[in-house]
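All remarks here apply to the structure that follows.
Scope of the values below: all heavy atoms of this structure, side chains included, with no hydrogens, waters or symmetry mates. In each ligand, atom 1 is the first atom listed, and ligand 1 is the first ligand listed.
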Amino acid sequence: MDSTDLIELANTYGSQNYKPLPVVIEQAEGVFMWDCEGRRYLDFLSCYSAVSHGHRHPRLVKAACAQLEKVTVTSRAFHNSELGPFFQELCAYTGMEMVLPMNTGVEAIETAIKAARKWAYQVKKVPRYEAEIIACSGNFHGRTVTAVSFSTESLYREDFGPFTPGFQVVPYGDLDALRQAINPATAAFLVEPIQGEAGVIMPSQGYLAAAREICSRANVLMIADEIQTGFGRTGRRFGCDHEGVRPDMMTLGKALGGGIYPVSAVAGSRECLGLFTPGEHGSTFGGNPLGCAIARESLRVLEEEGLCERSAELGAYLLQRLRTIQSRHIREVRGLGLFIGMELYPEAKGARRFCEALMARGLLCKETHDDVIRFAPPLVITREQLDWAVDQVSEVLTSL
Ligand SMILES: *Cc1c(COP(=O)(O)O)cnc(C)c1O
């Protein structure tokens with residue numbers, strides 16, 4: 001079957017909850033992907049940062065295969081030999097005290113919300129069921145009913161209520177609004193260091209550090225959603241590292257699974273994660289030995305290949321090169337590390353058509369909202385490959 005047939009099949013039998021570019025990927029390696037007709041593409045999205053290590057990194061494939069030969073899933077009814085070392089190594093990597101493993105990002109979010117509520121009742125002594133969590137406008141924390149309950153994007157919510165109560169939303173980047181929203185029932189402030197889905201929105205410098213200070217003074221937990229910004233994407237291990245901020249809990253996912261397998265987790269303080277007692281929370285697949293083995297290797301590869309430093313260095317280079325493109329369509333190019341958004345003017349008539357034109361040239365990236373193209377290549381990309389990509393972006397933005 002060719003790509004056209006396969007797209008038709010997917011559209012006939014699959015729910016249309018996505019609008020993918022019309023390309024069918026059959027194979028991938030490193031920074032490249034190939035379609036069914038053998039055309040090669042440079043991956044400039046990295047599965048929204050899940051493929052930061054590059055596709056099928058040889059060490060990760062090897063770790064996965066080795067674990068497949070031993071044991072894959074056990075449930076948490078028993079210990080498994082990968083679990084303890086995974087927890088220890090993730091604590092060392094994050095500087096946190098405890099870990100609770102899940103599978104997808106939004107499950108880590110749900111876990112952090114439960115932990116924060118429990119902390120509010122048990123430690124802060126908020127009257128039961130009155131705990132509030134403050135989130136930010138433009139947030140993206142996943143797709144469960146609870147996560148969309150505090151989304152400000154109507155498309156994510158419209159027909160999906162009734163919603164989970166207990167959330168307040170303040171404008172992203174607005175410290176006064178945060179201060180004013182906090183009341184005695186506030187359990188936590190949930191924040192993305194940089195908002196990816198919203199269009200690579202960067203708060204002004206000092207925002208995270210000041211928010212940390214506000215939370216600490218008010219006895220409010222700070223939860224950093226590092227699912228997309230974590231593991232080197234922004235040029236440091238975590239987005240919060242740019243401001244020396246240590247949250248009480250961080251949600252992790254995407255690149256933690258090395259682009260091989262879904263692994264997520266909450267890493268946090270003993271004061272929060274130590275509150276769970278047996279049976280209160282769990283996941284059949286969370287912490288399974290296959291996921292743990294892959295995640296452990298993904299952390300080692302990040303360190304040993306210096307991927308955070310690489311992201312910082314190449315990201316600065318890419319940002320500077322993209323900023324030299326002379327196009328009437330470009331409103332702003334912003335980002336940190338290999339996490340860059342190119343915002344177009346409304347007159348450019350949407351980012352989508354530029355992504356389609358880039359696809360035809362062998363560069364795969366995706367618009368986020370209407371007017372932003374997100375550039376987030378695997379962190380193993382080379383300077384020469386970035387140069388080639390910039391040439392394509394430049395030609396498309398000056399010719400269309
Ligand atoms: C992707 C993402 C999530 C949700 O992760 P899933 O694995 O899709 O559930 C949550 N928060 C942020 C910041 C994300 O980028």
Side-chain angles (χ1 to χ4, degrees), residues 15 17-18 20 45-52 94 100-116 133 135-153 155-157 160 164 167 169 172-173 188-203 208 222-234 237-240 242 247 249-268 283 285-286 288 291 294-295 298 335-341 365-369 372 374-376 379:
S15 181
N17 60 327
Y18 278 93
L45 179 66
S46 309
C47 187
Y48 303 99
S49 296
V51 187
S52 286
T94 56
L100 196 156
M102 299 295 279
N103 312 281
T104 64
V106 76
E107 291 175 318
I109 293 290
E110 294 269 346
T111 301
I113 289 169
K114 286 170 85 170
I133 292 173
C136 296
S137 58
N139 73 73
F140 182 82
H141 300 291
R143 302 295 201 160
T144 58
V145 169
T146 290
V148 302
S149 291
F150 50 94
S151 172
T152 53
E153 170 64 55
L155 178 69
Y156 300 168
R157 292 166 51 94
F160 306 120
T164 308
F167 296 95
V169 176
Y172 187 56
F189 174 52
L190 171 62
V191 64
E192 296 159 84
I194 293 177
Q195 291 185 331
E197 299 306 304
V200 192
I201 306 295
M202 304 174 58
L208 293 173
M222 181 178 191
I223 307 172
D225 183 350
E226 296 269 12
I227 292 169
Q228 193 160 163
T229 47
F231 304 109
R233 176 51 57 190
T234 69
R237 283 187 180 184
F238 296 101
C240 283
H242 291 278
M249 289 189 273
M250 55 211 293
T251 53
L252 308 168
K254 295 204 167 108
L256 181 57
I260 301 261
Y261 188 87
V263 182
S264 74
V266 179
S283 161
F285 289 103
N288 71 71
I294 292 168
S298 97
L336 199 55
L338 283 169
F339 196 40
I340 294 176
C365 49
K366 187 73 168 64
E367 78 277 9
T368 176
H369 291 275
V372 180
R374 171 171 26 190
F375 300 121
L379 308 183

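For ligand 1, the polar-atom distance check finds no N/O of I227 at less than 3.5 Å from any of the ligand's N/O atoms. Considering backbone and side-chain atoms alike, G105 places an N or O below 3.5 Å from some N or O of ligand 1. At under 3.5 Å, a nitrogen or oxygen of F140, whether backbone or side chain, sits near a nitrogen or oxygen of ligand 1.
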Original post:
Between F238 and F231, is a ring-ring contact (aromatic ring centres under 6.0 Å, His included) present by the stated rule, with each step listed?
Top reply: CA-CA 6 Å; F238 296 101; F231 304 109; 5.3 Å; yes
Subject >> Criterion side-chain hydrogen bond (donor to acceptor under 3.5 Å, both in side chains) on E110 and T144, from CA distance to verdict >> reply: CA-CA 9 Å; E110 294 269 346; T144 58; 2.5 Å; yes
**OP:** Would you sort out whether Q195 and F140 count as a side-chain contact (heavy atoms from CB on, under 4.5 Å), showing the intermediate values?
**Re:** CA-CA 7 Å; Q195 291 185 331; F140 182 82; over 6 Å; no
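When the heavy-atom distances from atom 13 (C) of ligand 1 to T104, D225, L252 are ranked, the shortest goes to D225. Nearest-residue assignment for atom 3 (C) of ligand 1 (options R143, Q228, K254, R233; heavy-atom criterion): K254.
Within a 4.0 Å radius of atom 5 (O) of ligand 1, the protein has at least one heavy atom.
Within ligand 1, the atoms closer than 4.0 Å to a non-hydrogen atom of H141 are 10 (C), 11 (N), numbered from 1 in the order shown. Residue-ligand proximity, V106 to ligand 1, at heavy-atom distances under 4.0 Å covers atoms 4 (C), 5 (O), 6 (P), 9 (O). Near E192, meaning under 4.0 Å from one of its heavy atoms, ligand 1 places the atoms 13 (C).
For the atom pair OG1 (T229) and CZ (R237), the distance works out to 14.5 Å, reported to the nearest 0.5 Å.
Within the structure, ligand 1 lacks Y48 among the residues with a heavy atom less than 4.0 angstrom away.
Looking only at distances, a side-chain donor or acceptor of H242 sits under 3.5 Å from a matching main-chain atom of T234.
For the pair T111 and M249, the minimum side-chain heavy-atom distance is 4.5 Å or more.
More than 12 heavy-atom neighbours from other residues, nucleotides or ligands sit within 6.0 angstrom of OH on Y172.
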